[in-house]
Every structure is written in C-alpha cells, then in structure tokens.
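In what follows, chains carry the letters A, B, and so on, assigned in the order in which the sequence lines appear, proteins first and then strands, with residues in each chain numbered from 1. Reckoned from all heavy atoms, side chains included, excluding hydrogens, waters and symmetry mates.
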Amino acid sequence: MTKEMPKAYEPGLYEDDIYKQWEESGVFQPENLENTSGTYCNVLPPPNANGELHLGHVSGYVAMDLMGRYQRMLGKKTLLLPGKDHAGIQTQVVYEKKIKKERNISRHNLGREKFYNEIYDFCIDRSAYMRTQEKKIGLSADWSREKFTMDPKIVNNVLDTFVKMYNEVDEDGNRMIYRGERIINWCPRCASALADVEVEHEEQKAKLFYFKYDKNFPITIATTRPETKLGDTAIAVNPKDERYKEYIGKTFQANFCGIDLNIKIITDHNIDLSFGAGALGVTPGHSAIDWQMAQVNDLEIIKVIGEDANIRPGFGEYSGKSVLEAREMIVAKLKEQGLIEKEEEFDNNLSVCERCKTAIEPLVSEQWFVNVDHKNFSLKKEARKVIENGEIKIYPERYKDIMLSWIDNVHDWCISRQIWWGPRIPAWYREIFDLRLPNADLDDNKSKIENRKSEIYVGIEKPDGEGWMQDSDTFDTWFSSGQWAYNTLGFPEGNDYKEFYPSDTMIMGRDILPFWAFRMIILSIYRTKQIPFKNLYFTGLIRDGQGKKMSKSKGNGIEPLEMIEKFGTDAVRLSMMIGATPGNDMNLSEEKIAGFRNLVNKLWNVARFAISDLRFPIVELNQDMLTVSDRYILEKMKFLIREVSGDLEEYRFSQAGEKLREFTWNDLADWYIEASKFAVSDGKDFVLIKILTDLLKLWHPFIPFVTEAIWQELDSDKKLIVSRWPLALDYEVYKTKQEDIDNFEIIKNIIIAIRNARSENKVEPARKVKALIVAGEYFDLINDNEALLKGMRTGVEKLEVVSKKLEEKDENETIKIVVGEIIIYLFGAIDKEKEAERIKKEKANLEKQIEVLRVKLGNKDFVERAPEAIVKTEQERLLKMESELVKLGE
RNA sequence: GGGCGUAUAGCUCAGUUGGUAGAGCGCUUCGUUUACACCGAAGAUGUCCAGGGUUCGAGUCCUUGUGCGCCCACCA
C-alpha cells in the first residue's frame, strides 16, 4: 500500500487549513485539553495596536509558541494569552499623521471625544488585522481570552492601582503617587511630558558661546543655548576653583540683553574646571541638573520657555518668539555689546522625542509621579529582592545584572501624559472650569491653568457635588502595560488569575527591558504581593544580513509576511530560532530563510520516502529483525529525545534545533534511509515509522505546520498538536546500546574511506572495483554488512572479507586504506602516482598527530596531573595511530 | 564618563562545567543511483583580535589593550 505525496512541500497549500483545524479543535484553550497535569502559562506581550507585525514581534512569538507547544505536549494545561496595547503616545502620533495626511486635519479639529473614539475604532480595526498575522505565524494562543489594554475591566484595574497608590501615605504624609512641579522632558510636538526612557539622544554639532551676562559681570559662562539664560538665577563653580573663590555666596545683579537677572554664585562638585569657562550658568527652569542645584541651593525657578516651545510672556521683545528666533536675537545683541568672547564648535547630544523625534525642552511642569522608594512599600527594593534572590529566573543570566542596575538607578516615574489617547487619570478638581477663558480648549495643555490645586479628589468615579472636573491628563502607556501580567488573567477574582498566576514564562525583546520588564515587576509585586512570572527570557534584536538595523528608510527591512509567503512559516520560524543566542542580536537574510526552507523540505521527503515505501501492515517488532543501522538510529533517537528535552527546559532553542537538524539530515536521511535501501529488514517499516513519528513530535514546536501536514499523511487519528512528547525511556525496550552506535560508525567510516580514496584517485564513479577487507576482530560485523559496503556509493562490486591477511597481493595494483584496525584493499582502477601521493599525505598527517601526542604523553606533568581518563584516551589514540601508520607502511 | 556585548573558515554565526577547532551558506571537483537538484558524494580554507597570567593543558578562566556594536548618563 503506498500513498502519493507531492515531491516538494508547498507550505501555502497546507498552512491556513491546518491552522483552522487547530483552532476549531479548541486545543488552544486550556480547558479543552485532556488528561493534563500541571499548568503552563505565558501572558504574551501585547504589540502596539496601531500597525503591523515586524520581525521583532515574530521572533518573540515564535519563541513563546515553541515553548507553549512543548509544554502542551508535555501534558500541561497550557495557556498562551494574547492581547494588544493601546500604546498611548505612539498611537496618537500615528493617528495624527494619518488624519493630517488623509483629511488634512489635526486632533483639535475633531475635539477630544471624537478623536478618542476614532482612535479606539482604529485600534480595534488594526488589532483584527494583526491577529490574522499572528495566526499566520502559527501562534497557538487562546484567542477567546484576548485582551486589550483599553478593555473596561483592564482600565478599571489600572485606575484602581492609581487610587490605591495615591492613598498609600507614609508617616510624613508622603504619597506613593503624588502630584508635583518638577522638571520633566517636554515634547512640544506631542505637547506632553515624557519619561526619561522615552527620550533619545542624537549626536549633532552645536555652537558653544562664551560670554558674560553684561559688561560689568565678573564671570564668563559658556552655553549652547543663550536663550535659556533669560532664566538664570545662579552661576555654579567648582568649590576647588581658585579663580572664583572670592565670589562664592555673593549675589550679583545683571542686565542680560535687556532682562534683569539676580545671579547667586554657588558651588557644585560636578562642575568641570576645564570645560568651557569652568562656570555654569544655572537655569533651573530648563535643565534637569540645574533644577537639582536649585533644590539644593534654594534658588528661584524662572520659566522662560512655554509648553509651545516659545518664550513666555514677561521677557520683553523675546516673548512669543520661538526658541531659535530668540537665540539668534540674543546672540546678535551680545555681539552688538561686544560681550561674546569666543564661539566654539563641539559635539553635543540633542534630546529628542522617542516617538516623533522632535527636540525635547526640559521644563518645569506639574505632573503625576510614582515614588519608587516609598516608605510603606519600596517598589525598587522589593523588585531588587526578587531579582537578586532568583525568584524570577532571567535568561540569559547576564541580564540579571543589567536589570539590577536599572532598578538601582531608577528615579521617580512621571506617569502623566498630556495626550488624549489612553485611560484618563482619575483625579478631580474643583474651580478649574470657572477660571478658564471662554475659548480655551479644556484639554489643551497650552491653556491649562496653573492654580488648579484648589480642591482635589482621587477616585474612579466623579465625586458628588458641583464643579468637579477630571484631570485632563492620561497615563503613561507603561503604567497600563506594567499591570498586564495580572490584569489579563482577571485579577483579583478571576479563575485564570487563581489558576495561572504567577505565569511561567515572559519573553520580550531586550530593548524594552527598562520600559516594561522592570515596571511589570514593581507593579505586580505591589498589587498581587507575588512575582508576575517565574522565568524572564530576553530575545535579541533582528538585523539585516550585514548586521545593520532594519528600517523602512534604508529599505533593508524584511517583511515577515512576504517571507512566509515565499518560504513558508516553518522556514521563517526556524530562521529565528536556530543560530540565535538568547539576548544577542541576530542577522537575518533571505538566504538564511531559504536554507531552512530546504531543511523543511528535507523532512518532508524523509516522510515521503517512509510513507511511500511502507508495507502495511507493519510487522510487530522482534529483536532479531533489527539490523546494525536499525539499532544505530534507535539508539541515536534515544539520545536525541534526552538532549532536545533538556535544551528546551533550559530555553536553549538554538541548540535543540541544531541537534534536530543534525539528526534529520545527517543520521536519518543521509545514513539510515540510504542504508535501509540496501540492508532490507523486516523491522525497517516499524523502525522508520517509529523514528519518524517521534521526530515529528520533537520538531513540532519548531515547525508546527509541516509536521502536522506529515502527521496527517500518516493517517493518525489525533492531531499532532495534542499528542504527547516522546520519552527516551520508551526506547529501552529495543535494548540498544552505545555499542550499536560504535558498530555502525565502523561501517560508516569504511564507506567514507572507500569513497574518499576513490575520489582522491580520480576513479570514475561508474567504475566498479573489487575490495578485500582485512577485518580482524570485526570480521562478523563487516561480513554481515556486505550489502551496505557495496551499495552505499562505494562502487565496490565484489567484496571479500577476511579476518587476517593471507597472502601478498600485487601492491602496485592496489589502493590501501587503513581504518583503525581494519585494512581495506581496492583492486583495479589505480593511478599509481595519485595513490602514492594519497598514501604519503595520509602518512604525513598521521605522523604529525603522533608527534603531538608523543610530546604530550612524554610530559611528566601531564601524565601525573591530568585526570586518569584523559591520559588513558590519549594513550589509546596514540597506539591506534601508530598502528595505522605501521599498517599503511606494510 | 559609566556599563554591557562582541571579535572563531570568504560570509553569517554555534561552540553548556577548560581535554583532538564546528555548522549553514559560499567555493572546488564529481554525479541525475525510483525520498528530495529545495539533491547526493568527495574536498579546500582557521596564529579562535593582540599582549600578559593561571593550568599538565586555554577558543573557553583572569588581566591589560585594540577594533566594532549597543545601552545609560551627559559637558553646560
């Protein structure tokens, strides 16, 4: 009975159908799995619901799906929980660009409510599209449980956390969440505050101006931003600096380009004596460091630049001018007065918004902050504890230190954003409304009023009474996603929360460690009093074939869907798992994916051979049926199962995949299957199907589609996805041993040696030769495997096996090969010169190795100090090589 | 300035406790033998970045330096 399978595996013909079968079978839902023991849960990181999947998402999902499928096959009640993130600022930026382009309007044209609703619909729409992409990858997630950070229940929990933290008050009256006027990173385009991690730095050339505030001023300062000097309230010098010692502590009045300043001379250890003039003009309103100094030295804080990046009222002719205009005006004025002493080009880092690349203005503004080191419950200390003592295991291990250093350096976290998209901060104020100008935009930051502190209430519902207005700010997106680990599971009462929390695995790209991993840990510990997950695995970033970052502008990006279309999902999955080391970036090229397509096809053809060659019904196995190659492949498979299982337990995906490839292509396809064509046994069908069945299972987490497709060709009644992971123990019944591998290796080595000698001698492939093998103690083994030695492309037509050499053959007509104790003679087809050359080469090679070993073993220290086993194997190697050399020379 | 990673075949990279240097791709020669040309056979190619150290023994551990990449901080 035979069955036809197409010559080449065509992924496009199978994938969608197979995914549908899986989905319909319901096995992505944990409660539908049968006979489970234990649970496994991975809450999937939610991609931003505003775009498409890129390779970074894919590589993460593949790792998660791989682990999920493995655990499901182990019999665990497995849940991969998917979701989407509303991605506050990013989505708002994307959507604003979209409406600008398509409708030429801004968010103000729509108004807050309409804008919000449109973005919401946009996200829902994109999410649906992204879900189809995620399914393309083969993600075995439970879609019935899918969550969105804007789901009412999720949002409610997020708000609840805010309220709870706000109400966390220590003995000094400090709240865990507080509202305060602080210096923050302001993006004028987004018109919002940003957290430190949302700011990027771009190198640029800047001009450093050296000048005095006015001509009577005693100290020269240097700055790249003269316009901010309108808000200077001090000059800081290094306390060790002799030059300025006499001025320290004094206050000077200056008229800086028409604006009066009071400048106090203070000291600060961080001032670099050699940089610039060695004196820093302190601008507390527009520099984070200066703001710090102002706190320490109790300086006045003057706000020069407004939230629209223009000079604020009260600065004469400069007011209303943009930052750059004001800078030019001031530089011109300074020049006019002859105050500029020097101009210098130097490399500077410009801070820009991570999302829209607009230059950041540091400015003082009233925002909501999380105190990460609160007395009642120190988020950073608690997080440090669980990382340090290994309650959360981190892969790769070195990321543990990276995480700890992040935790140690974290500052209070600004969680308010002046954008419209996202959950709104549940704080309420009175009197705000009355103070507003008639035309002011209620939600626009520009018109935000400053004295809103009058009365405040924090709570999810609007309080009773007249005149309450909700805070117009929304949350930093990471305040929501930081609570993803437990909110998705239905904290605090949900069944999933009770059953699956803390989850087993969290996998994320190394680039979002500071954004997400850390925040998820602190917020989870605070809310649930438990760690969010037991294992945290970081993937590297994916770059192009040359190691460059992929980007749309460079045009070197690889579209995952295009690759799936071209090479199949399985090949794409393999290209991300094999050859990648955890936490390290990897390069990906089309050629690489094509290589894995070939591997997938190889597996397909192994199956094709096995299935088409099958003689049903399969005979029940009995020990005598097993050939040397049968025993070899069974014993090898036993090892493979152990190795792959061990690797997966430790998240060593690449090693596991590498071993599977080696086994599939080398051991199985090139040797076992080839051998099975010549050493036909009654057990072959049984062994081949047994090996194939288990190999499909081992491969399945990596390449679910092709394995499932083959599985169905095998007429299996159940889906592979729910079948059980193979056990090495099951192979004990065949009673194979290491010796079985050794035996087959001997045959293999003889075959390889003959092929090699023929090739070196340039013997035509078609030309048949006669062989004599002097087998010594391996007489039986070699004699029994005559068919292999003749059939496996050795070109040996007639074979004679003897245990001892009986008579001298005519050496001139002979190729002589030595494999350990075994000597092989090939007769006929000899090019004497080439053969002499080959022998010479062989001998030289042996002699070289023997020399190295003799020196090593002649070293008394080595013999005395190295472990006995090492010394012994080296001695054996030497003896073997010496004997080979002698035999070659005979 | 601080930190992390990395340096191994022409290219992209593996190399788990120190014990005979590996894979894929590419290259050379050969081959269509009924699983597969998305194939098969054979082959070539390495001062494992450099110097120093520990060790009987170092690609692997320590140290110094250099190149490249990344992250953080940041010079006003």
Which is it for A:Asp667 and A:Tyr672 under the side-chain hydrogen bond (donor to acceptor under 3.5 Å, both in side chains) test, yes or no, and what are the steps along the way?
CA-CA 6 Å; A:Asp667 297 330; A:Tyr672 179 75; over 6 Å; no

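- Of the nucleotides present, B:rU66 is the one that pairs with B:rA7 by Watson-Crick or G-U wobble criteria, both distances under 3.5 Å.
- Partner assigned to B:rC30 is B:rG40, using Watson-Crick or G-U wobble distances below 3.5 angstrom.
- Here B:rG46 sits opposite no nucleotide as a Watson-Crick or G-U wobble pair (both hydrogen-bonding atom distances under 3.5 Å).
- In this structure, A:Trp604 reaches neither bases nor backbone, as no heavy-atom distance under 4.0 Å exists between it and the strands shown.
- The phosphate of B:rG15 has OP1 or OP2 within less than 4.0 Å of a side-chain N or O from A:Gln655.
- At least one side-chain nitrogen or oxygen of A:Lys602 sits closer than 4.0 Å to the OP1 or OP2 atom of B:rG40.
- Nucleic acid contact class of A:Ser287 (heavy atoms, under 4.0 Å, all strands): none.
- Base pairing of B:rA23: its partner is B:rU12, meeting the Watson-Crick or G-U wobble criterion (both donor-acceptor distances under 3.5 Å).
- As a whole-Å value, the separation of A:Lys566 NZ from B:rC38 C1' is 13 Å.
- Here A:Trp665 reaches the OP1 or OP2 of B:rG40: one of its side-chain N or O atoms lies under 4.0 Å away.
- In terms of phosphate contacts, A:Asn859 brings no side-chain nitrogen or oxygen within less than 4.0 Å of OP1 or OP2 of B:rG57.
- Rounded to the nearest Å, the gap between the P atom of B:rU60 and that of B:rU47 is 16 Å.
- Note on A:Ser654: nothing from the nucleic acid sits closer than 4.0 angstrom, heavy atoms only.
- Atom P of B:rG46 sits at a distance of 8 Å from the matching atom of B:rG10, rounded to the whole Å.
- In a base pair of the Watson-Crick type (N1 to N3 plus N6-O4 or O6-N4) or a G-U wobble (N1-O2 and O6-N3), with each distance short of 3.5 Å, B:rG57 is matched with no nucleotide.
- With hydrogens and angles ignored, no donor-acceptor pair closer than 3.5 Å exists between the side chain of A:Lys659 and the base of B:rA14.
- Residue A:Ser589 has no polar side-chain atom (N or O) positioned under 4.0 Å from OP1 or OP2 of B:rU12.
- Listed pair A:Asn409 / B:rA73 fails the phosphate criterion, with no side-chain N or O lying under 4.0 Å from OP1 or OP2.
- A:Asn605 places a side-chain N or O within 3.5 Å of a backbone atom of A:Lys7 that can act as its donor or acceptor partner.
- For the OP1/OP2 pair of B:rG43 and a distance below 4.0 Å, the side-chain nitrogens and oxygens of A:Asn756 include at least one atom meeting the criterion.
- In this model, the phosphate group of B:rA76 is not approached by any side-chain N or O of A:Lys229 to a distance below 4.0 Å at OP1 or OP2.
- The residue among A:Asp647 and A:Lys592 whose nearest nucleotide of RNA chain B lies closer to the 5′ end is A:Lys592.
- Within 4.0 Å of A:Ala766, counting heavy atoms only, lies no atom of the nucleic acid at all.
- Taking the ring axis of A:Phe862 as reference, the NZ or CZ atom of A:Lys856 stays within 45° of it and closer than 6.0 Å to the ring centre.
- A:Trp711 and A:Thr693 share no side-chain donor-acceptor pair at under 3.5 Å.
- No side-chain donor from either of A:Lys264 and A:Thr233 sits under 3.5 Å from a side-chain acceptor of the other.
- Looking at heavy-atom distances under 4.0 Å, A:Arg793 makes contact with a base.
- A:His201 has a side-chain polar atom (N or O) that falls below the 4.0 Å cut-off from OP1 or OP2 of B:rA73.
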Before you tell me yes or no, could you show the steps for A:Ile184 and A:Leu194 under side chain to side chain contact (heavy atoms under 4.5 Å, CB included), namely the whole-Å CA-CA distance, both residues' side-chain angles and the distance that decides it to 0.1 Å?
CA-CA 7 Å; A:Ile184 46 94; A:Leu194 300 176; over 6 Å; no

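- Remark: the A:Glu674 side chain and the B:rA41 base include no donor-acceptor N/O pair separated by less than 3.5 Å.
- At B:rU20, none of the side-chain N or O atoms of A:Arg877 fall inside 4.0 Å of OP1 or OP2 (strictly under the cut-off).
- B:rA76: no Watson-Crick or G-U partner with both key distances under 3.5 Å is found in any strand.
- Backbone-only engagement by A:Arg510 is indicated by non-hydrogen atom pairs under 4.0 Å involving sugar-phosphate atoms exclusively.
- Comparing the P positions of B:rA44 and B:rU6 gives a spacing of 32 Å, expressed to the nearest Å.
- Considering A:Gln655, A:Arg652, A:Lys659 as possible partners of A:Glu643, the one that fulfils the side chain to side chain donor-acceptor pair (under 3.5 Å) test is A:Lys659.
- Within the nucleic acid shown, A:Asp511 has no heavy atom closer than 4.0 Å to any nucleic acid atom.
- A donor-acceptor contact under 3.5 Å is formed by the side chain of A:Arg597 with the base of B:rC38.
- If you check every strand for non-hydrogen atoms under 4.0 Å, A:Glu874 touches nothing.
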